[in-house]
Amino acid sequence: MTTPGNAGSAHHATATGDHLPYRYGSALAQTIESRWQDIWESRRVFEAPNPGQPGFDAAKAKKYILDMFPYPSGVGLHVGHPLGYIATDIFARFLRMTGHNVLHTMGFDSFGLPAEQYAVQTGQHPRITTENNIRTMKAQLRRLGLGHDPRRSVSTTDTAFYKWTQWIFLQIYNAWYDAPLDPASRDKGRARPIRELVERFERGDMLTACGKAWAAMTDAERRAEIDARRLAFRAEVPVNWCPMLGTVLANEEVTSDGRSERGNFPVYKRPLKQWMMRITCYADRLSEDLEHLDWPEAIKILQRNWIGRSSGAYVHFRVEGRDPITVFTTRPDTLFGATYIVLSPDHPLVNVISTADRPKTSFRRAVFPGADDRMTCREAVAAYRLYAGGKSEADRASGKDKTGVFTGAYAINPVNDEHVPIFIADYVLGGYGTGAIMAVPAHDDRDFEFAQAMKLPIRDVVYPRPIETMLYFAKAAYGEDGEPGPNWRDELADLLGLATNASNSHQSFDAMLDIVRTRRFTVVPETPGMVAGATPEGPACDVPGSLGQRRGTMRAVWLETIDNLGFMNFNDMRRHLLVEHNYQLLRGQAFTEPGVAVHSASAHLDVNHLPSDKAADRITKWLEHSGHGAHATTYKLRDWLFSRQRYWGEPFPIVYDKDGVAHDLPEAMLPVLLPELKDFQPESSTDPDAPVRTPLNRAAEWVECELDLGNGRRRYTRETNTMPNWAGSCWYYLRYLDPVNAASFCDSAVEHYWMAGTQHAAQTPLTRPGGVDLYVGGVEHAVLHLLYARFWHKVLFDLGHVSTPEPFQKLFNQGYIQAYAYKDARGIYVDADKVTLADGSLAMDNQDKPGPFFFDGQEVTREYGKMGKSLRNAVGPDDICTQYGCDTLRLYEMSMGPLEASKPWNTRDIAGPFRFLQRLWRNLIDEQTGASHVVDGVADRDTLRALHKTIIVVRRDMQAMSFNTVVSKLIELNNRLSPGKVTMDVARAMILMLAPLAPHMADELWYRVVCKGMGEPLSIAHEAFPVADPELAKDDEIEVPISVMGRPRHRIRVVPGLAAAELEAAAMADPKVQELIAGKVVKKIVVVPGKMVNLVLE
RNA sequence: GCCGGAGUGGCGAAAUGGCAGACGCGUCGGAUUCAAAAUCCGAUACCCCUUAAAGGUGUGAGGGUUCAAGUCCCUCCUCCGGCACCA
């Protein structure tokens, strides 16, 4: 007999039979959940007061728990989205119950493309779409029972919010980076207000870039000087222009095959005047400050790689009659091996230096499709540029064949005054370093390939120690051109044995060769057993036997090595190493590791025999002294492109006067509101060269404005670009702290309180970066949001607006929820929830069945991937909440596995957590009457022990956010209990431990069981979490396994806490143990008190 | 190619160097029921065996360290993620 409304299919939540009106089923879960969600809201259970506000308790420690800012999508959430939200909610509830002031809320990153796209299609204003979406999402989130402070919720599209986004932009605009003069200094510099820059110029403390005295400069010159230093500035730069999206994109938003991350449209490089953020000033700090953050190591590595710090030197190569070419290298120690120079095809000097002749050269002048030796150098350069420009990013990445052309010009290597040819080639990138390199083919893979393609010389300047030894031997053993002795291979092998031994690094080659030669005539006493000790070759290798035998073995190894090097004979070796310096060419591969400098001496300096790092130091110092270069650190990170040609974003608080000069608006004029528009269409185009016009250009009466900026009312035009999506998410976590403050983006005292670092005894102020205590989100934001937000935060820190140098102290990346997806014959994804098996049953309900699968009568193929819209395999949380209740959904999502792991969704598995809740309910509640049938009194010893053991591990695992094991421990405890027999002490503790995980049921049980259904129903969100009594958790007796030879054979029962000797005695006294070792000799007994005994037999 | 992460029953997964597979799903058996669903109880890594006992094997592969390895070290394979001519 079933209740009509619940007569679902077999896997649906249990029906509430008429005879059991209070069985925990889908309907009861719904009732309980909405009832408590209402109570929480009306009683304002989760409001977290700020210091000074009513209800604030200064005695408690604070915790700021944060979820990554979601975009309110129109299609609603799927069960993958709330995974992190549920986890943070559980953790926040746990913290609340363990005596913390917890700030946890949720807002919306609501500017962005989908709402605008929808507006373009339907004409509905994006604000309306956005507000609808936010409403839907809030309702969905509410149904999950998340304990957020609703007063703190903000949306980036709120004018009261974006007023402050604009204000922060102005802080950045009105700041410059005061970098220390010495780049190696520990002081990394900081942002300062522009005002201080002007003061320094006025005082003459700082020299202007143009070289003129400040007082002698015109207004326009002064403005140019300042504008060139602002942290937010406009520049004509080659940008990623995506004509289909009608906007430019940041580097981070372009995929490696040159398409837009959003929409997968082609992206073109095109010079445009754009707003930029000088994030590169912070590259060093952004990289270094990662060290003290409690973030997953993988994310730190991702960010470090993205910032791409590399340290080396700039080297100036003179060019006769022209400006010198500056290259950047990370290997200044290889400067003597630079045999040519390569410029990127778009390097500004290319046109200047390429010559109009057709020189005869020992190398090939041009290698690329269409190369023609009848061309002059200049013609070849032009042809090559055309060819390289036509290559897409994808072509460049895939095609590893090196191409390039000779410019006809030569540069002078400062270290040896050698003339080296200058090439252009597209393997050198314009945007990195100086857009020019010195090529050291012997020690760089790419240069090696290019040199081979162009038949350029390859000269070794770094050898590993053995090759350096051979070089010495080739030179000194028989004179520079003497005949080798008959035993040269044996001598060399012995010398290599000595020279490669670390303890001989201080010995000169001469001395070692001497040892080799005298030893050959020394009779070695054949004394077996003489193993270690001081021998001429230092500590011997591990080969057993006599010294003579060991020498023989070492020599044999080195003889084989010599044979494998590919030298035909001694003279061949001498030719490659000593005369031609082209061993790497012979080997067919560049040697890119550090080693020892060779062939690196000139009239200016000599670094031979120095290890690579020392040689690099020496050469860099020489470059600096002689004015030919300087130490340098460069970064892959580019300045952040901050303009978008879209409607639905924050307007810039910037206007231009009739001369096109930018003026920032005063704070009193904020916010600059978005104008109303009818047509939101960006001017998308398939033509990469189409003119760029933004939607805001169409709001003529908004663009043209008359303002008084301090010098009377004048006409201005407004900036018509908008800010990128990332702007709001760079600082939203600060607005949560003080969401309605009209006077400031965030009150300073409030900011100090919530953003202060979590105190650890071992941490000094330097290693305590402070910030949000826990930030949970997906790994996809590793380099975009997390880098931009850190950058803004550091600027705000430098300018004194926030108190910590870092925004997010601890970061946690939750894994994805994955699911099966299905493709039809055309390769198009179909709705996964409609795919059936051959017998007509839904594939979703039988995930272990291998198929075949059908959709709409057609066979489809199965794949597996991240749940989402694109794979059409999303499962909605609302459906699950309706069938089982959100408490079950919460438990299921937590019990799937570790939070950080990606794991497959399997609807069928939800029954497990659901049954757990049902059993727990039944254990405490009479399903007939709905009243508590918990008995008064205290549980028996065994149950009490189980309870306290559970409390111990639940607390530990909650702390570690290991919620999957928390769930299983509670299930285990519950499985010991029976309906109507649970005592109040156990029931109480059980309910409290359940409260963070399944808060609705916990509150309901508390009311029915503990309050006995009397009085106002009140939430237990602020009750104290159970504390274990270690005495009660103690065992009377424990079982200790006895292993023989590492294999468990038997177990004995003993009282806990036995010392090793006692445990051993107990084990040996056991008759079964005696039987196991009967007739055998016990060699050793390993005893781990409380754990195990292992008997080692002969 | 480089940098990360991961490989444990039919499935999701547990396991401070100390009894591998907790807990859940599924499956099988039983109880309850006129019957079914739901619920409850029991079994469930594999091999040998009628069964049980006893034994053996087993954490991607191969080596090593250790009294003892899923866990530590080395080599390799597979999958997932990121970067990719960054000088």
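Residue numbers begin at 1 in each chain, while the letters A, B, ... track the order of the sequences.
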Below 4.0 Å: OP1/OP2 of [N] and any side-chain N or O of [X]:
X	N	value
A:Arg915	B:rG26	yes
A:Arg922	B:rC40	yes
A:Arg309	B:rA87	no
A:Arg1049	B:rG56	yes
A:Asn305	B:rA84	no
A:Lys1084	B:rC67	yes

Counting Watson-Crick and G-U wobble pairs only, both distances under 3.5 Å, name the nucleotide matched with [N], or none.
N	value
B:rC72	B:rG64
B:rG42	B:rC28
B:rU51	none
B:rC83	B:rG1
B:rC34	none
B:rG7	B:rC77
B:rA22	none
B:rU59	none

Listed nucleotide nearest any side-chain atom of [X], set [options]:
X	options	answer
A:Phe328	B:rC85, B:rU39, B:rA87	B:rA87
A:Val428	B:rG18, B:rC19, B:rA87	B:rA87
A:Ser310	B:rG4, B:rA87, B:rA13	B:rA87
A:Gln918	B:rA13, B:rU39, B:rG18	B:rU39
A:Ile971	B:rG18, B:rG24, B:rU39	B:rG24
A:Arg23	B:rU39, B:rG18, B:rC23	B:rU39
A:Ile437	B:rA13, B:rA87, B:rG24	B:rA87
A:Arg919	B:rA87, B:rU16, B:rG24	B:rG24
A:Tyr432	B:rA87, B:rG12, B:rG55	B:rA87
A:Ile301	B:rA14, B:rC67, B:rG4	B:rG4

Using atom [atom1] of each nucleotide, how far apart are [N] and [M] to the nearest Å?
N	M	atom1	result
B:rG70	B:rU57	C1'	16 Å
B:rU8	B:rA22	P	16 Å
B:rU71	B:rG62	P	13 Å
B:rG26	B:rG17	C1'	34 Å
B:rC72	B:rG1	C1'	29 Å
B:rA14	B:rG7	P	9 Å
B:rA36	B:rC46	P	29 Å
B:rA15	B:rC48	P	32 Å

Whole Å only: how far is the [atom1] atom of [X] from the [atom2] atom of [N]?
X	N	atom1	atom2	answer
A:Asp401	B:rG1	CG	C1'	15 Å
A:Leu784	B:rC83	CG	P	9 Å
A:Glu1039	B:rG18	CD	C1'	15 Å
A:Lys1091	B:rU66	NZ	P	23 Å
A:Leu811	B:rG4	CG	P	18 Å
A:Asn813	B:rG81	CG	P	16 Å
A:Leu917	B:rG24	CG	C1'	13 Å
A:Phe450	B:rC85	CZ	P	17 Å

Should the side chain of [X] and the base of [N] be counted as holding a donor-acceptor pair, with the cut-off at 3.5 Å?
X	N	answer
A:Arg908	B:rC25	no
A:Lys402	B:rC85	yes
A:Asp909	B:rC25	no

What's the shortest heavy-atom distance between [X] and [Y], and which atoms?
X	Y	value
A:Asp639	A:Thr280	OD1-OG1, 2.6 Å
A:Val967	A:Leu891	CG2-CD2, 3.8 Å
A:Leu302	A:Ala782	CD2-CB, 3.5 Å

Sub-6.0 Å ring centroid separation between A:Tyr892 and A:Tyr884: no

Look at all strands and tell whether [X] reaches a base, only sugar-phosphate, or nothing, counting heavy atoms closer than 4.0 Å.
X	result
A:Val1088	base
A:Met1092	base
A:Asn1094	base
A:Asn964	sugar-phosphate
A:Asn975	sugar-phosphate

Distance, nearest 0.5 Å, that separates OH of A:Tyr635 from OH of A:Tyr432: 10.0 Å

Verdict with supporting geometry, A:Tyr820 and A:Phe853, side-chain contact (heavy atoms from CB on, under 4.5 Å): CA-CA 11 Å; A:Tyr820 287 113; A:Phe853 305 100; over 6 Å; no

Pair A:Trp295-A:Gln303, side-chain contact (heavy atoms from CB on, under 4.5 Å): steps then yes or no: CA-CA 11 Å; A:Trp295 286 19; A:Gln303 284 219 350; 3.9 Å; yes

A:Lys402 NZ/CZ over A:Phe450 ring centroid, <6.0 Å and within 45° of normal: no

Chi-angle category of B:rG64 [syn within 90° of 0, anti beyond]: anti

Side chain to side chain, A:Pro898 and A:Asn964, heavy atoms closer than 4.5 Å: yes

Worked check of side-chain contact (heavy atoms from CB on, under 4.5 Å) between A:Tyr816 and A:Leu83: CA-CA 8 Å; A:Tyr816 297 124; A:Leu83 182 70; over 6 Å; no

